[in-house]
Amino acid sequence: MKKLLLALLGTVATASVGFAGTEIYSGKEMKQLAPLPCPAWYADREFNVGIWGTYVFTANEWANDRYIEADHAWGGGIDLKYFFHRYFGVGFEGWAVDARRKFTDAFFDFDNGVFDINTRQESRAVGAALATLTFRYPIPCTRFAPYVFAGGGGIFGGGEKTRLVASEGVIRTEETDSETELMGQFGGGVEFRITPHIGWINDFSWNVVNGSDNNFGMVRSGLNFAF
């Protein structure tokens with residue numbers, strides 16, 4: 001019995017030493033893969049063409065506004081930008097809206113006893129042309145780029161006035177021609193790049209025209225093409 005027990009212990013000890021001295025290798029070295037670079041959604045230098053629809057609303061009610069003379073208007077526009085740096089661009093913006101204007105048409109003929117007062121409406125195009133400066137920040141490894149912008153230029157097609165004209169017993173109203181005024185613009189928004197060359201833009205701007213009764217807000221949404 002003692003010989004059998006000693007033989008078993010010797011076998012176990014030999015097997016333990018044999019396994020302890022054995023190492024298994026896969027034959028392949030583990031390599032750490034470098035992360036893939038982020039897609040380049042925005043270029044450091046690029047030319048942009050934006051086409052968009054716009055909604056304009058005046059700061060005052062239409063009766064108190066002195067330029068657009070309407071509560072709101074719909075239209076569209078285009079802007080051209082060149083980003084000479086990843087974050088900075090200069091450009092040109094032009095737009096036009098269909099602004100429906102209300103005014104009073106009066107005619108008094110005292111000699112013949114004719115007195116006529118009517119409220120009339122007319123649709124006319126109000127537009128602007130501006131030079132702009134844009135700062136954008138493409139968020140790394142995303143399709144989004146928030147931006148702010150400012151510009152200055154001229155606005156045209158609005159600012160008509162109603163005045164009374166009296167002659168030979170007749171008093172009537174008369175509409176003046178539209179006026180061109182200087183304007184300033186500042187705002188901000190965000191662009192989402194669908195592809196590196198096509199983006200969806202949405203922004204808001206506040207526009208300041210000569211005098212405190214002419215200011216208006218503008219909301220834009222459209223497509224931007226990058227080259």
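The first residue in the sequence is number 1, and the count goes up from there.
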Can you tell me if Ile78 has over 12 outside heavy atoms packed within less than 6.0 Å of its CD1?
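Yes.
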Enclosure of Asn64 CG (heavy-atom neighbours >12, cutoff 6.0 Å)
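Atom CG in Asn64 is crowded, with more than 12 foreign heavy atoms closer than 6.0 Å.
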Please determine whether a side-chain nitrogen of the Lys or Arg among Glu181 and Arg66 lies less than 4.0 Å from a carboxylate oxygen of the Asp or Glu.
no
Would Glu69 and Arg124 pass as an ion pair if we require N to O under 4.0 Å?
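Between Arg124 and Glu69 there is a salt bridge, with a charged N closer than 4.0 Å to a carboxylate O.
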Taking every non-hydrogen atom, the tightest pair across [X] and [Y]:
| X | Y | result |
| --- | --- | --- |
| Phe149 | Gly188 | CE2-N, 3.6 Å |
| Gly157 | Ser178 | C-CB, 3.6 Å |
| Gly217 | Asn207 | C-ND2, 4.3 Å |
| Ile68 | Ala99 | CG2-CB, 3.9 Å |
| Ala40 | Pro196 | O-CB, 3.8 Å |
| Thr142 | Ile139 | OG1-O, 2.9 Å |

Considering only heavy atoms from C-beta outward, does the side chain of [X] approach that of [Y] to under 4.5 Å?
| X | Y | result |
| --- | --- | --- |
| Ile155 | Val126 | yes |
| Phe186 | Val208 | yes |
| Trp41 | Pro138 | no |
| Arg193 | Asn224 | yes |
| Trp200 | Arg143 | no |

Give, for atom [atom1] of [X] and atom [atom2] of [Y], the distance between the pair rounded to the nearest 0.5 Å.
| X | Y | atom1 | atom2 | result |
| --- | --- | --- | --- | --- |
| Tyr87 | Phe135 | OH | CZ | 7.5 Å |
| Ile51 | Phe225 | CD1 | CZ | 5.5 Å |
| Tyr55 | Met218 | OH | CE | 12.0 Å |
| Glu160 | Arg101 | CD | CZ | 4.5 Å |
| Asp79 | Ile201 | CG | CD1 | 5.5 Å |
| Glu46 | Phe227 | CD | CZ | 10.5 Å |

Over 60° means perpendicular and under 30° means parallel, so classify the ring planes of Phe88 and Phe84, tilted if in between.
parallel
Is there a continuous path of hydrophobic side-chain contacts, each under 4.5 Å between heavy atoms, that joins [X] to [Y]?
| X | Y | value |
| --- | --- | --- |
| Leu80 | Tyr82 | yes |
| Leu133 | Val49 | yes |
| Tyr147 | Phe83 | no |
| Val190 | Tyr137 | yes |
| Tyr67 | Phe57 | no |

Test: Arg220 cationic atom under 6.0 Å from Trp52 six-membered ring centre, within 45° of axis
yes
Would you say the side-chain atoms of [X] pair up with the backbone N or O of [Y], donor to acceptor, closer than 3.5 Å?
| X | Y | result |
| --- | --- | --- |
| Thr54 | Gly76 | no |
| Thr176 | Lys161 | yes |
| His72 | Val56 | no |

Pair Asn48, Arg136 - check side-chain contact (heavy atoms from CB on, under 4.5 Å), show working.
CA-CA 13 Å; Asn48 288 187; Arg136 71 177 181 185; 4.2 Å; yes
